[in-house]
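Working notes for the structure below.
All residue numbers in this chain count up from 1 along the given sequence.
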Amino acid sequence: MATVGFSQQESVWKDLSEVTYKIGEDEWGELYLPVFSDNIKKLEGKEVVADGYIIPFEGMFKPEHIIISALPLAECFFCGAGGPETVMEVMLKDPIKYTSKRVKVKGTLTLNDNDPEKLMYILQNAQMLSN
């Protein structure tokens with residue numbers, strides 16, 4: 001029984017892990033550029049659900065613009081062994097308070113393969129779901 005995609009409330013992280021990288025270059029040297037699988041490309045512009053942990057960056061936490069990690073902080077992309085496919089920027093409709101507990105968000109997925117200042121997965125117009 002093969003299915004593509006996921007149910008409305010299932011987290012999207014498994015599908016988003018199907019990314020590979022190619023080496024590109026900018027004015028500062030080499031950088032890794034994401035190459036999204038067809039399954040990931042099908043999700044762009046669609047409403048998806050992601051669960052994870054809010055990354056508490058010093059001076060960067062904004063109640064309406066957060067970064068979540070599929071992995072706990074000690075294992076996340078910024079602090080541990082997780083890859084860049086395990087983190088996502090989330091632009092929330094309504095501000096939230098920081099929590100160290102796992103959260104679940106729903107929003108419209110945008111793919112970024114050309115702006116190194118942003119993460120490759122961005123959730124727009126997102127809302128917090130109750131766990």
message: What's the separation between atom NZ in Lys93 and atom CD in Gln124, rounded to the nearest 0.5 Å?
response: 12.0 Å
- prompt: What heavy-atom pair brings Gly82 and Leu71 nearest, and what distance separates the two atoms?
  reply: CA-CD1, 3.7 Å
message: Whether the side chain of Asn125 engages the backbone of Gly107 through a donor-acceptor N/O pair (distance < 3.5 Å, no angle test) should be reported.
response: no
query: OG1 of Thr110 to CD of Glu44: how many Å apart, nearest 0.5 Å?
result: 6.0 Å
query: Who passes side-chain hydrogen bond (donor to acceptor under 3.5 Å, both in side chains) against Ser37, sequence neighbours left out?
result: Glu18
Partner residues of Lys22 under the side chain to side chain contact (heavy atoms under 4.5 Å, CB included) criterion, sequence neighbours left out: Leu33, Val35
- line: Of all heavy-atom pairs linking Ile55 and Ser69, the shortest is CD1-CB, 3.4 Å
- prompt: If you group Ile, Leu, Val, Met, Phe, Trp and Tyr by side-chain heavy-atom gaps below 4.5 Å, do Ile68 and Leu43 land in one group?
  reply: yes
query: Any side-chain heavy atom of Val103 within less than 4.5 Å of one from Asp51?
result: no
- prompt: Please walk me through it: do Glu64 and Met91 pass side chain to side chain contact (heavy atoms under 4.5 Å, CB included)?
  reply: CA-CA 6 Å; Glu64 69 288 338; Met91 312 302 275; over 6 Å; no
query: Given the rule in the side chain to side chain contact (heavy atoms under 4.5 Å, CB included) test, do Thr86 and Glu75 qualify, once you have shown the distances and angles that lead to the verdict?
result: CA-CA 10 Å; Thr86 65; Glu75 300 170 30; over 6 Å; no
message: Using the rule that Ile, Leu, Val, Met, Phe, Trp and Tyr join whenever any side-chain heavy atoms are under 4.5 Å apart, tell me whether Tyr53 and Tyr98 fall into a single cluster.
response: no
Test log, rule side chain to side chain contact (heavy atoms under 4.5 Å, CB included), inputs Leu16 and Glu85: CA-CA 7 Å; Leu16 295 182; Glu85 71 281 357; 5.6 Å; no
message: Minimum heavy-atom separation for Asp15 and Ile40, please, with both atom names.
response: O-CG1, 3.3 Å
query: Which residue, Val105, Val90, Ile66, forms the side-chain contact (heavy atoms from CB on, under 4.5 Å) with Ile54?
result: Ile66
- request: Taking side chain to side chain contact (heavy atoms under 4.5 Å, CB included) as the test, write out the residues that go with Tyr32, two or more places apart.
  value: Tyr21, Ile23
- line: Sequence neighbours excluded, the answer for ring pair (Phe, Tyr, Trp, His ring centres under 6.0 Å) partners of Phe36 is Tyr121
query: Which atoms form the tightest heavy-atom contact between Glu25 and Leu31, and what is the distance?
result: C-CD2, 3.5 Å
task: Begin with the C-alpha distance, continue with both residues' side-chain angles, and end with the deciding distance and a verdict on side chain to side chain contact (heavy atoms under 4.5 Å, CB included) for Trp13 and Val49.
output: CA-CA 9 Å; Trp13 291 116; Val49 171; over 6 Å; no
message: Going by the rule side chain to side chain contact (heavy atoms under 4.5 Å, CB included), which residues pair with Lys14 if we only count those two or more places apart in sequence or in a different chain?
response: none
query: Which heavy-atom pair separates Ala50 from Ser11 by the least distance, and what is that distance?
result: CA-OG, 3.6 Å
message: For a 4.5 angstrom cut-off between non-hydrogen side-chain atoms, does Met120 reach Val19?
response: yes
field: NZ on Lys97 to OG1 on Thr99, rounded to 0.5 Å
entry: 11.5 Å
message: Hydrophobic cluster membership, with links at side-chain heavy-atom distances under 4.5 Å among I/L/V/M/F/W/Y: are Val12 and Leu92 in one?
response: yes
- prompt: What residues, two or more places apart in sequence or in another chain, satisfy salt bridge (Lys or Arg N to Asp or Glu O under 4.0 Å) together with Lys118?
  reply: Glu89
message: Using every non-hydrogen atom in the two residues, find where Leu111 and Lys41 come nearest and quote the distance to one decimal.
response: CD1-CA, 4.0 Å
